[in-house]
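Below: one structure, written as structure tokens.
Below, chains carry the letters A, B, ... as their sequence lines are ordered, and counting in each starts from 1.
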Amino acid sequence: MSVNILLPDGSSKSYPQGVSPQMVAEDISPRLAKAAVAAEVDGQVCDLSIALGAGEHRVRILTDRDEPALEVLRHTAAHVLAQAMIRLYGPGVQYTIGPALMDDFQYGFYYDFDLPEPIGQEDLEKVEAEMRRVIQEQVPTRRREMSPGEAIALMEKLGQRYKIELIEDLVRDEKVQQVSLYEQGDFTDLCRGPHLPHTGMVKAFKLLAVAGAYWRGSEKNKMLTRVYGVAFFDEKRLAEHLTRIEEARKRDHRVLGKQLGLFLISDAVGPGLPLWLPKGTRIRMELEGWLRGELLKRGYQPVITPHIGRLDLYRTSGHYPYYQESQFPPLVERETLEKLAGEGCSCVELQQRMERGEVDGYLLKPMNCPHHIQVYKAAQRSYRDLPVRLSEFGTVYRYEQSGELNGLTRVRGFTQDDAHIFCTPEQLEGEIQSCVELTKLVLATLGLSDYRVRISLGDRSSDKYVGDPEHWALAEENIRSVVKKLGLSYVEAAGEAAFYGPKIDFMVKDCLGREWQLGTIQVDYNLPERFALEYIAADNAPHRPVMVHRAPLGSPERFIGILIEHFGGAFPLWLAPVQVAVLPVSEKVADYAASVHRRLSEAGLRSEFDDSSEKIGAKIRRSTLDKVPYMAVIGPREQEAGAVSVRSRSAGELGAKPLDDLVAGLRLEVDSKGASPLSGAPGA
RNA sequence: GCUGCUGUAGCUCAGUGGUAGAGCGCGUCCUUGGUAAGGACGAGGUCGUGGGUUCAACCCCCACCAGCAGCUCCA
């Protein structure tokens with residue numbers, strides 16, 4: 001029996017049985033054999049050393065240029081890490097799991113350990129040094145397959161109880177007959193593989209962080225020590241990666257928000273409760289103002305509703321029972337509180353009675369929909385009125401876990417650019433479509449053109465979801481249909497839906513390639529049911545409307561947080577808190593400069609006048625650090641000519657221009673939300 | 001919420017068991033300078049909060065609060 005190998009170039013070769021991809025590579029060319037790091041056999045990435053069975057196989061030799069090879073490299077790097085840890089901290093180190101990461105922005109692999117004593121960031125250098133030793137030794141890796149029983153016996157000998165648990169689970173859940181282990185010198189790991197032939201092929205790596213992680217991701221389990229690292233085939237790519245991380249760090253919206261005076265999170269006010277400073281507010285007003293205009297054009301009716309509402313309202317909607325643990329506790333009226341205290345009611349009792357609905361209170365609203373539903377119900381609705389589209393930039397409060405709070409992207413008090421559309425089932429698909437189109441417009445306007453869509457579906461087996469399965473199926477079908485019709489690339493995620501219905505989420509990549517979840521569109525048959533919503537149809541009988549919840553930004557707080565990072569604080573002109581800085585060269589031209597400043601302000605431009613006694617270089621530097629898009633430098637020459645010397649953030653010095661030209665140019669750029677007629681360069 | 005780390009002037013940070021410093025920023029004055037930092041002087045801190053150890057704590061110990069990284073969660 002022989003092995004027939006089909007190569008990617010279409011050629012085929014014949015070998016005796018048991019031939020390995022490594023041998024095939026050697027046969028093709030010594031250079032390929034040297035560059036080979038792994039192989040792809042019949043579409044499966046595997047070790048170079050495996051013995052190929054009889055028959056025909058498609059074989060592709062993977063070198064450091066192939067994406068799947070990088071994953072193999074990182075996986076081996078994780079094993080090198082584990083081996084180094086054991087060498088340093090002794091056989092008492094329990095190693096658990098250590099995968100390669102291919103989609104993470106920073107990290108390339110990690111390994112979770114149960115350590116006899118904790119280690120910190122400062123220990124990583126020591127671990128790296130030991131890893132370099134393991135790499136220098138070029139320790140060969142060897143795959144062994146054995147029965148689960150043998151593997152358990154081996155792991156018992158090594159004292160690795162997490163591995164034993166993993167093997168036992170593989171047997172129980174997947175009924176495996178055989179497991180694979182990788183030997184790497186004195187280190188043996190249960191592992192699916194594949195791996196590099198030896199550790200010497202891990203060329204460039206760096207350990208980046210040490211942090212806690214629960215065993216198997218469950219907070220009920222023990223907290224392990226996770227060491228994160230990244231690895232590449234060469235130093236250059238590693239250096240680029242580290243630069244990219246550094247770049248991201250510099251764009252951190254929390255850092256820029258402070259530097260540029262955009263927002264503030266004050267301990268005196270509370271964690272996760274951002275305060276918008278004047279400059280940040282400017283950005284938000286522009287963004288929201290623009291969106292408000294777009295909503296009016298699309299037949300939305302703005303409403304304004306309060307920040308709190310009766311507990312009963314949220315009992316009816318289901319939010320109170322479903323998300324109690326992530327809400328601020330309810331407010332109870334003083335009189336009620338005093339009466340209950342008089343009856344000797346304890347705090348625990350009070351909470352229980354509120355849960356049972358025996359005591360009412362008020363809740364800081366966690367969602368706007370119950371209020372909007374009341375607005376819908378305020379009038380009798382005819383099918384002729386539908387769709388009713390109620391919009392509000394409504395601020396909601398959610399008690400996020402303390403460890404989750406993060407700048408503007410995860411907060412406890414935030415606004416939703418919310419709207420609720422009440423429509424007939426027949427109108428639903430069209431409404432979803434226009435919501436998707438609005439979200440696309442928002443993203444396009446802000447230059448966030450790299451995104452995909454996630455359709456989050458229910459999960460029949462979970463009890464998390466409420467409502468009629470038929471409605472769910474219908475809603476899911478409507479959503480799919482729209483996404484397909486608009487040709488969006490999408491993934492489906494079962495079990496990710498809201499409790500009341502499926503949703504579309506926009507997953508947007510920023511300029512550094514990091515993915516964020518922004519806009520959302522959710523279909524809801526459930527709340528109309530719970531609140532007994534109706535409209536009178538053409539048959540003169542009451543029917544139940546469907547609701548769409550949608551927020552193209554998601555939340556202005558979160559969205560602007562992401563925009564700060566996307567633009568690195570250099571906002572396009574229409575959003576920039578200060579659009580133009582007027583910089584007189586000396587006090588001699590202060591009057592003329594002041595008149596320029598006035599003229600710009602009167603034209604509706606946000607102008608800042610720097611009349612400090614600094615030299616012009618210092619003034620320019622200050623405006624540059626503030627990322628002001630345009631500067632108008634003014635000296636005697638400009639005064640003479642009624643001109644300004646224009647300097648742009650993106651294109652540098654543009655030379656002297658008549659003041660009228662500057663005003664007109666800036667107006668044009670603001671109104672077009674992008675293109676820069678002054679410099680010919682993009683505004684951002 | 002959990003694990004680890006951190007908390008000193010408005011900001012970024014240094015520092016010592018004997019109650020504190022730098023740079024930037026801020027204020028005043030001098031300077032009137034042409035495209036990324038002109039000069040001088042000055043103000044500003046109960047060293048996160050509360051306990052404890054000590055003759056003495058910003059420094060050591062404990063608790064709490066907050067921030068950061070990761071995990072978990074996210075209507």
Met367(A) side chain: which of C74(B), G67(B), A75(B) is closest?
A75(B)

CA sep, side-chain torsions, deciding dist, call: Glu565(A), Arg514(A), salt bridge (Lys or Arg N to Asp or Glu O under 4.0 Å)
CA-CA 10 Å; Glu565(A) 307 212 355; Arg514(A) 295 169 302 177; 3.0 Å; yes

5′-ward residue of the pair Arg412(A)/Glu122(A) relative to RNA chain B:
Arg412(A)

Closest-nucleotide mapping onto RNA chain B: is Ile119(A) or Glu325(A) further toward the 5' terminus? I mean the 5' end.
Ile119(A)

Can you tell me the distance, in whole Å, between the [atom1] atom of [X] and the [atom2] atom of [N]?
X	N	atom1	atom2	answer
Tyr107(A)	C71(B)	OH	C1'	12 Å
Lys503(A)	C74(B)	NZ	P	10 Å
Asp626(A)	C11(B)	CG	P	17 Å
Tyr399(A)	A75(B)	OH	P	19 Å
Asp104(A)	G70(B)	CG	C1'	11 Å
Asp252(A)	G67(B)	CG	C1'	12 Å
Leu260(A)	C24(B)	CG	C1'	15 Å
Gln522(A)	A75(B)	CD	P	8 Å

Which pairs, protein N/O on one side and nucleotides 47-49 of chain B N/O on the other, fall under 3.5 Å?
none

If the plane angle is over 60° it's perpendicular, under 30° parallel, otherwise tilted; pick one for Trp472(A) and Tyr465(A).
perpendicular

Check whether any side-chain heavy atom of Asp104(A) sits under 4.5 Å from a side-chain heavy atom of Gln106(A), and report yes or no.
yes

Any side-chain heavy-atom pair from Ile432(A) and Val523(A) closer than 4.5 angstrom?
yes

Is the distance from the ring center of His420(A) to that of Tyr376(A) below 6.0 Å?
no

Distance, [atom1] atom - from [M] to [N], rounded to whole angstrom:
N	M	atom1	answer
A9(B)	A43(B)	C1'	11 Å
U53(B)	C59(B)	P	14 Å
U46(B)	U8(B)	C1'	13 Å
A63(B)	U3(B)	P	11 Å
A20(B)	C62(B)	P	26 Å
C13(B)	G18(B)	C1'	25 Å
G45(B)	C55(B)	C1'	26 Å
U28(B)	A69(B)	C1'	44 Å

Test side chain to side chain contact (heavy atoms under 4.5 Å, CB included) on Met85(A) and Val127(A); report intermediate values, then the result.
CA-CA 7 Å; Met85(A) 289 291 287; Val127(A) 179; 3.9 Å; yes

So is Arg454(A) actually on top of Phe506(A)'s ring, under 6.0 Å and inside 45° of the axis?
no

Going through the checks in order, is the salt bridge (Lys or Arg N to Asp or Glu O under 4.0 Å) test met by Glu247(A) and Arg251(A)?
CA-CA 6 Å; Glu247(A) 174 67 12; Arg251(A) 286 167 174 261; 3.0 Å; yes

Contact class for [X] (heavy atom, under 4.0 Å): base, sugar-phosphate, or nothing?
X	answer
Pro271(A)	sugar-phosphate
Gln327(A)	base
Tyr323(A)	base

Distance-only donor-acceptor test, Ser326(A) side-chain atoms vs A75(B) base atoms, 3.5 Å:
yes

Let's test your reading of the model: under 3.5 Å, does the base of C74(B) pair with the side chain of Arg410(A) as donor and acceptor?
yes

Just checking, is any N or O donor in the side chain of [X] or [Y] under 3.5 Å from an acceptor N or O on the other one?
X	Y	value
Glu392(A)	Thr305(A)	yes
Trp215(A)	Asp112(A)	no
Gln327(A)	Tyr314(A)	no
Glu557(A)	Thr415(A)	yes
Lys365(A)	Thr395(A)	no

Does a side-chain N or O of Arg254(A) approach OP1 or OP2 of C68(B) to a distance below 4.0 Å, or not?
yes

Derivation of the salt bridge (Lys or Arg N to Asp or Glu O under 4.0 Å) call for Arg254(A) and Asp252(A):
CA-CA 5 Å; Arg254(A) 294 165 301 187; Asp252(A) 188 321; 2.5 Å; yes

Its contact letters, B for base, S for sugar-phosphate only and - for none at protein heavy atoms under 4.0 Å, make nucleotides 32-44 of chain B read BBBBBBB------

Can you check whether Tyr228(A) stacks with the G70(B) base, using ring centres under 5.5 Å and planes within 30°?
no

For RNA chain B, the dot-bracket pattern of Watson-Crick and G-U pairs whose distances stay under 3.5 Å, | for other-strand partners:
(((((((..((((....[..)))).(((((.......))))).....(((((..]....))))))))))))....

Restricting to ring pair (Phe, Tyr, Trp, His ring centres under 6.0 Å), what partner residues turn up for Trp276(A), sequence neighbours left out?
none

Please list, chain by chain and in numerical order, all residues satisfying ring pair (Phe, Tyr, Trp, His ring centres under 6.0 Å) with Tyr323(A), sequence neighbours excluded.
Phe499(A)

Sorted by number, residues from residues 213-224 of chain A placing a heavy atom under 4.0 Å from RNA chain B are Ala213(A), Tyr214(A), Gly217(A), Glu219(A), Met223(A)

